[in-house]
Amino acid sequence: MKLAVLISGGGSNLQALIDANLGVEISLVISNRKDAGGLAKAAKAGIKTAVVEHGHFDSRESFESALLRELSSVELDYIVLAGFMRVLTPVFITKFSNKILNIHPSLLPKYKGLNTHQRAIDAGDSYAGVSVHLVTNELDGGSIIAQAKVPVLPADTAEQLAARVLVSEHKLYPMVIAWLAEKRLEIRQVADYGSEDKVSDDKQESKVALFLDEQQLPEQGYDATAIL
Ligand code: GRF
């Protein structure tokens, strides 16, 4: 199984995937920031890297065309977003339908977007966590594959909670990628006859059903809290 990993920063999730020795090929690491620490991590592991700086393009579309040119240079089964901080357009997403995964530091659907840890603290939540999900046109809204809860401690700062959640991220992402490599996780397209509110084709998102070891996963995905 061949992956491209997209990063924007330190690449600790990329490093976790490398260290997990999953028997998958990370064919390419692309960063939208030339100063991303994850580029050195990739190079150290002998992985081809590319930098496509979003600031050099006058539109999301032209930035994504450059991304697609880099991605077309390798054969890919999945695109793994790992700390990638750019929103992808439906044009890009539909080119890799149900083949793009993301890790998000909250228990989705709670706290989509940014500053997830401070928002959980401000809300007085006793739990925060991490979600691995499919990327769709809705930001942080795709089908959830797996989640893990992480306790929020009374005196937590956002940084302390982020560090605690990151430990779980580094276990959850390799676990999900291993499921794909071992063909244990199945992403099945299901026809969506149910919805009355037919939207125009370019907005019509095909629904997927997720199966782990032939068992359909619930809305919240697999709860990995107990095994991380
Ligand atoms: C992580 O919390 C990840 O969930 C979020 O970006 C942070 C940094 O990721 N998307 P990494 O260390 O660059 O993998």
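We're numbering straight along the sequence, starting at 1. Given the structure is predicted, the values throughout are model-derived calculations rather than measurements. Order of listing sets the numbers, starting from 1, for every ligand and every atom in it. Every heavy atom of this structure was used, including side-chain atoms; hydrogens, water molecules and symmetry mates were not.
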**Student:** Salt bridge check, D77 against K2: does any charged N sit closer than 4.0 Å to a carboxylate O?
**Tutor:** no

**Student:** Do L3 and M1 touch side chain to side chain, with heavy atoms closer than 4.5 Å?
**Tutor:** yes

**Student:** Please state whether G38 comes within less than 4.0 angstrom of ligand 1, counting heavy atoms only.
**Tutor:** no

**Student:** Between E214 and R188, is the closest basic N to carboxylate O distance under 4.0 Å?
**Tutor:** yes

**Student:** Please report which non-hydrogen protein atom sits nearest to atom 3 (C) of ligand 1, along with the residue it belongs to and the distance in Å to one decimal place.
**Tutor:**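 The protein heavy atom lying closest is E169 OE1, 3.2 Å.
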
**Student:** Return the minimal non-hydrogen interatomic distance between A181 and V24, and the atom names on each side.
**Tutor:**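 Heavy atoms of A181 and V24 come nearest at CB-CG1, 3.5 Å.
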
**Student:** Using distance alone, with no hydrogens and no angle criterion, decide if Q15 and S12 have a side-chain donor and acceptor under 3.5 Å apart.
**Tutor:** no

**Student:** For atom 14 (O) of ligand 1, tell me which residue out of N13, L14, N102, I103 has the closest non-hydrogen atom.
**Tutor:** N13

**Student:** Does the plane of the ring in F84 sit parallel, tilted or perpendicular to the ring in F63? Use 30° and 60° as the thresholds.
**Tutor:** parallel

**Student:** Please state which part of I7 comes within less than 4.0 Å of ligand 1, counting heavy atoms only: side chain, backbone, both or neither.
**Tutor:**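 Neither part.
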
**Student:** Could you list the atoms of ligand 1 found under 4.0 angstrom from a heavy atom of L166?
**Tutor:** 1 (C), 2 (O)

**Student:** Starting from atom 6 (O) of ligand 1, what is the nearest protein heavy atom, named by residue and atom, and what distance separates them?
**Tutor:**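 Result for atom 6 (O) of ligand 1: G83 CA, 3.6 Å.
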
**Student:** Starting from atom 12 (O) of ligand 1, what is the nearest protein heavy atom, named by residue and atom, and what distance separates them?
**Tutor:**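 Nearest protein contact, heavy atoms only, for atom 12 (O) of ligand 1 is S12 OG, 2.5 Å.
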
**Student:** Does the side chain of E219 come within less than 4.5 Å of I144's, by heavy atoms?
**Tutor:** no

**Student:** Can you tell me which residue and heavy atom of the protein come closest to atom 13 (O) of ligand 1, and the distance to 0.1 Å?
**Tutor:**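 Looking only at protein heavy atoms, the one closest to atom 13 (O) of ligand 1 is G11 N, 2.9 Å.
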
**Student:** Return yes when at least one protein heavy atom is under 4.0 Å from atom 1 (C) of ligand 1, and no when none is.
**Tutor:**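 Yes; the ligand atom in question has protein heavy-atom contact below 4.0 Å.
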
